[in-house]
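What follows is a set of notes on a single structure, which appears directly below.
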Amino acid sequence: MSIPFVSRVIWQGKKSAYGLMPVWISVVGIMMTGLLAGCATNETGPAYRIAFSQCTGGDLWRQTMLSDMKRALSFHPDCSLLYEDANNSTEKQIAQIRSLARQNIDLLIVSPNESAPITKAIDDVFRQGIPVIVIDRRINSASYNAFIGGDNVEIGRLAARFIGNYLKGKGRLIEVTGLTGSSPAQDRHQGFTEVMRQFPAIKTIATFDGHWEKDSARLLAQRQLPAFQSADIVFAHNDVMALGMYAVCRRNGLANRLPFVGIDALPGPTGGMQLVSDGILKATFLYPTGGEEAIETAIRILEGKSVQRENVLNSVQVDAGNVKALKTQSDKLLTQQRDIERQSQRIAELTRTYLTQRNTLSIMLASLIGAILLGAWAFYLVRSKQRAYQILARQNDEISEQRDKIDLVSQQARLATEEKLRFYSYISHEFNTPLSLILTPTEDMLSKKSVGMAELKNNLSLVQKNAHRLLRLVDQMLDLRKTDSGKLVLRASEQNVVRFIQDIVNDFKHKAERHRIDLQFIAESPVVMLWFDHEKLDKVLFNLLSNAFKYTPRGGLIHVLLDVKENTVRIQVQDNGEGMTTEEQAKAFDLFYTNTRQFNLGNGLGLALSREFITLHQGEISVVSAKGQGTTFTIRLPLGNSHLDASAIVDTSAPEFLLRKSPSAETTLPDPDQPLAGNRAKSSTILVVEDNDELRDYLTRQLGDEFDIIAAGTAEEGWQRAIDAVPDLIISDIMLPGIDGLTFTQRIKKDFRTSTIPVILLTAKGQIDAQIAGTRAGADAYITKPFVLTFLRETIRTTLTNREKWQQRYTTDYLTKAENRQEKKFLHELTLLIEQNLADPGFGVERLSREMGISRVQLYRKVQGLLQKNVNEYITEIKLRKAKILLTESTKTVAEVAYETGFSSPANFTTFFKQQTGRTPSDYRKSPTGQS
Ligand code: FRU
């Protein structure tokens, strides 16, 4: 049976191989390593290395001893056995003992060849702290933890007693001892000799040293044969020596006569028991090997348990009387021992299988743990990456946010720039209008040979008024600059604000009367003393009132209210004018804000400045307005002067007066809506659409001598006038409140009732893009402000002449002959409708009357009355006229002309044409005058 050798391993924590891995993974790795190490060690406890130094392994008894040891060891798989055989050599055994002691053994078992020479080596081992068990043969010192072996003195005695009795006290004896240097030989001899003394008639004829060996004994018997021939019995110290000598004696015919006695009584076919049973030996004595006991004792020592130091094993005599029973027993024991060995082998195999499986499982477990660790590591990496991505995404978002902010700021900057550019454009416009009103009358007067006194005065008054307006603009610009640079300072004095406002309101009285506006100032008390900068408050109120007048229609109301509430003076300027949208209100005080209405100093720059001025007073200005219902501006100014800086307070005694031209000083102009009296023979009617009152009045007055003038302040009003009166020409500004001049022009040109009316756009905008837009809208001419009146007059005349020519060519000349404007308008609309639907064969009196909005009867009656012909005749006339023009002035085929003039086939057209002219269309085309 093989004894497992399991080295004692002290597992130590290994250095982490995971380098950069987090500490926890390293810890788990170490745990895993530990687990694997744990799998490799024995679970029952520490492993022991037991060394066994055997004096010889060559004989059966020693082999039995080793088997006994191995069997005992099979119950201690944690122990390993290091075995050395000295082959009966004392020197060799000494060397082996010393060598074993160096091999990290836990315990040494020694069966010494000879006692004295080996004692020293064992002493040394024992002194090293290695436990020592001496087995079978003794040493000469006490350097051992336990001795295990048979009682050799007693065995010697037993043998002597047997022989004494066998020889019946008389005879000749040969004693063959074991190696004389070994303790069993000495003890057996001692016990034997001791008892033999009781048999004085038994004489020991020879004592030989048989060295415990069969061959040595055989040689000895051969050499000493005569002694054996004379002997009556031979006592050998062991069975093998007895057997060796028996063989020699048998060969020499002595076997039957000479009895042999041995020691050991080993079981088995070659053992002493069998020799007794076979009659070769007369008796033998059981000499137990002590192998099992040695291992059990060793384990106890190694486990730190107490052991008995001297362990003497009992012996028993085996002879013919008990050999059978003992042999049966020992055979049974042998069988059982073999069973045990087989089972031990089986267990060992199973243990190996178990260990293999356990190792496999351990490897799998380790792999699993490894995979989990790698998974965890991968997960950790992924998470780290995700975190990194998240940080990146956050940074990206921040960058995007910043980029958006930059975009927003740049957009705001761009918008601000655009607003500024619009503002400059507007400012130019604002300057252009008064400049026009200065330059135009001046040039007009200069171009005339003589100018009447009244006209001169009117014109000069206009020039003066507009010069003042320019001054005011410049003044506002300078104020604005001061606001921008923070140089605007307050110069407040204490005055009666009621009186102050009353003066300003009075200035607007005339204007109010002229426009039939109910202007009132209502104060809750006649005297309210307030600290204010009269120059600035004057500008604010003048601006608010100008605005109110601008957007309040004829017959409207403008009320200025003043009351005092909670130490605050509240001034309100209310009107019931056109009002503002919510967006317009929100941006009313913004400097560069421009809404759908045109920019206006009155409510753009003016309101922005007003807010600056009121803020300087630590006051507030706000607006409440509803589209179509009116507007209320509210100013709140705190009473007293504690809220003002000392530097803002000036001398209170003498208020400064503002050099401002009263609005009542405006030149009184005739009602622009009415044509000037005394110009009866005017052939054409002109509609002037201009929001600037003065310019409109000026044009009305100047052009009124030559044309009938209809005036409108807005495009909406202009449209109504155009529909009602069907003027011969329209002059319109591009920049108009509400619908602008371009949209107005488009509308005029799209509607069949007005599409033929020429439009001259008159504006301060000199930019090429505005001119392109004007042309695109359908404008016939474009004149930039400031303009020369003569040039405008000429443009009007040329445009009218061209239109007349066109009318004569394309329509009947009845239009020009119509007596009044109503008749003219009716014929104009009728003709246009027919012309526009000429190509449609289904178009006739039915549709015509419907589109004109009158009944068929009315239509017949009206056409008959005006043209002395019925409607169908008039349609035919227009068709023919159109056909003639197309035939002579276009390259269209006769068929194309036929379809374009509403005929279902060219043949019908030819028949019709021939009926009307007496000629075919082709002939007419060749010679319109009929000459060949
Ligand atoms: C075996 C042996 C035995 C004997 C013993 C004494 O080697 O010779 O026969 O009893 O040793 O040590």
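Treat the numbers as computed from the prediction; the structure is a model and nothing was measured. Indexing begins at 1, ligand by ligand and atom by atom, following the structure's order.
Every residue meeting the salt bridge (Lys or Arg N to Asp or Glu O under 4.0 Å) condition with E292, not counting sequence neighbours, appears here in chain and number order: R71.
For ligand 1, the protein residues within 4.0 angstrom (heavy atoms only) are D59, W61, R62, D136, R137, P184, R188, W212, N238, D264, Y287.
Checked against the 6.0 Å centroid criterion, the rings of F192 and F235 qualify as a close aromatic pair.
Shown here is R346, whose CZ atom has no more than 12 heavy atoms of other residues, nucleotides or ligands within 6.0 Å.
A distance-only check finds a donor-acceptor pair linking the side chain of R309 to the backbone of Y144 [under 3.5 Å].
Side-chain contact of E114 with T90: a donor-acceptor pair under 3.5 Å is present, judged by distance alone.
A side-chain hydrogen bond (donor to acceptor under 3.5 Å, both in side chains) with S53 is found for one member of R98, Q93, E84 and no other, namely Q93.
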